[in-house]
Each structure stands twice: as structure tokens, then as C-alpha cells.
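Let me begin by presenting the structure, written as C-alpha cells, before commenting on it.
Side chains are part of it too, since the values below use all heavy atoms of this structure and drop only hydrogens, waters and symmetry mates. The structure displayed is predicted, hence computed values, not measured ones.
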Amino acid sequence: MAASTRKTTRKTETFTDEERAAMKERAQEVKASARRGSRADKAAEDEAAVVAKIAEMEDADRAMAERIHAVVKASAPGLAPKLWYGMPAYAKDGKVVCFFQSAQKFNARYATFGFNDKANLDEGTMWPTAFALTKLTAADEARIGELVKRAAG
């Protein structure tokens, strides 16, 4: 068969509706960030956006997100709250260090608290960068607080 008459099929991978929505949210976040005025105004708007996003979450995720928001702010006041792909996140020098992802975000069975490579959590040749959450205990909050403090260091 000649090359020009051969039919080729290529499997293309597509994004889920939730992934496309997250990418659209990120594009809107970047646009909004570019339009803002002073650094103080931007910080206040970012904080308000994170609090509003948390308020939109389903009950179990909202309760965890509220606690995590309080723990992160108390443990690492130098981290700035901001939205990142439509999720509450906390950044240092504009780079996301840690984030909370609700279970409903990608129709998952658990919420996630994770760290990006900006986090100073290196421990040997392997260390955890994300944690599945079904609920938060006082011990969990203490551990998250310690990890966030170290990550922001």
C-alpha cells in the first residue's frame, strides 16, 4: 500500500471536563493577577478569593480547607494565599509551596494536601509530596503545621 493511501489512526488523549475547567480557572487567575494594582491590594484580593473558593466547597471538604487555611497561616505567615488551578494554595515569592485540593474538584474519593518542588521537605532520596485526607484530627493538623513550617523555611 502506498504511503499516501495508508490510513493511520492515532490515539489521542483528552482532558477530562474537570481538568479543562481547572485550566480555564488558572488562565482566569493569571489574567486577574496581571490586572491588579498594588501589592497590598493583590494580597487582599488573593486572600478573599481563597476564602470564597473554600466557602463553595462541599461540607466535609470545606471544613478541612478552613482548618488547613488557618493552620498554614499560623505555621507559615510568610506564605501568601492564592488560587492555583482553582484550588487554595500558598506561595512564597510567587511560587506555590503547598495546596489543598478538594475531593469534589476531580471527583476523587479523598481530598489532597500537597507540596510543590519549592517546598523544603527534602529528606534523603525519597519523601512524600502529597497526603490523602478524609478528615482532620488534631494530630493531623499538628503534622501539617510542622510540614508547612519546614516547607516554607
Quiz prompt | Criterion side-chain contact (heavy atoms from CB on, under 4.5 Å) on Val97 and Tyr90, from CA distance to verdict | solution = CA-CA 6 Å; Val97 173; Tyr90 305 87; 5.7 Å; no
Self-check item: Distance-minimising heavy-atom pair for Ala111 and Asp61
Solution: CB-OD1, 3.8 Å
Quiz item: For Phe106, does the CZ atom have more than 12 heavy-atom neighbours from other residues, nucleotides or ligands under 6.0 Å away?
Solution: yes
Quiz item: Applying the 4.5 Å side-chain criterion to the ILVMFWY set and letting contacts propagate, would Leu133 and Trp127 be lumped into a single cluster?
Solution: yes
Quiz item: Are Glu56 and Lys53 ion-paired here, with the side-chain N under 4.0 Å from a carboxylate O?
Solution: yes
Quiz prompt | Check against side-chain contact (heavy atoms from CB on, under 4.5 Å), Leu83 and Val50 | solution = CA-CA 6 Å; Leu83 289 179; Val50 166; 4.2 Å; yes
Quiz item: Can Asn107 and Thr16 be said to form a side-chain contact (heavy atoms from CB on, under 4.5 Å), step by step?
Solution: CA-CA 11 Å; Asn107 298 318; Thr16 65; over 6 Å; no
Quiz item: Linking I/L/V/M/F/W/Y whenever any side-chain heavy atoms sit under 4.5 Å apart, do Val72 and Phe131 land together?
Solution: yes
Quiz item: Please, which pairs that meet salt bridge (charged side-chain N to carboxylate O under 4.0 Å, His left out) have at least one residue in residues 78-101, sequence neighbours excluded?
Solution: none
Exercise. Any chance you could measure Leu147, atom CG, to Thr129, atom OG1, to the nearest 0.5 Å?
Key: 11.5 Å
Quiz item: Are Leu79 and Phe113 connected in a single hydrophobic cluster, I mean Ile/Leu/Val/Met/Phe/Trp/Tyr linked by side-chain heavy atoms less than 4.5 Å apart?
Solution: yes
Quiz item: What is the distance from atom CD of Gln101 to atom OH of Tyr85, rounded to the nearest 0.5 Å?
Solution: 12.0 Å
Exercise. Quick one: do Met57 and Gln104 satisfy side-chain contact (heavy atoms from CB on, under 4.5 Å)? Show the steps, please.
Key: CA-CA 8 Å; Met57 294 177 185; Gln104 77 187 66; 4.2 Å; yes
Exercise. Write out all pairs satisfying salt bridge (charged side-chain N to carboxylate O under 4.0 Å, His left out) with one or both partners inside residues 63-77, taking only residues at least two apart or from two chains.
Key: Glu47-Lys73, Arg67-Glu141
Exercise. Rounded to the nearest 0.5 Å, what's the gap from CD on Glu146 to OG on Ser75? Could you check?
Key: 8.5 Å
Quiz item: Measuring from Met64:CE to Ile54:CD1, what's the distance to the nearest 0.5 Å?
Solution: 11.5 Å
Quiz prompt | Closest non-hydrogen atom pair between Asp46 and Pro81, with its separation | solution = CB-O, 3.2 Å
Exercise. Measure across Phe115 and Phe99 and return the closest heavy-atom pair with its distance rounded to 0.1 Å.
Key: N-CE2, 4.0 Å
Quiz prompt | Side-chain donor or acceptor of Asp140 paired with backbone N/O of Thr137 under 3.5 Å | solution = yes
Quiz item: How long is the span from the CD1 atom in Ile68 to the CZ atom in Phe100, to the nearest 0.5 Å?
Solution: 5.0 Å
Self-check item: Atom CZ of Arg143 with >12 non-hydrogen neighbours under 6.0 angstrom
Solution: no
Self-check item: Heavy-atom side-chain contact between Lys118 and Val96 under 4.5 Å
Solution: no
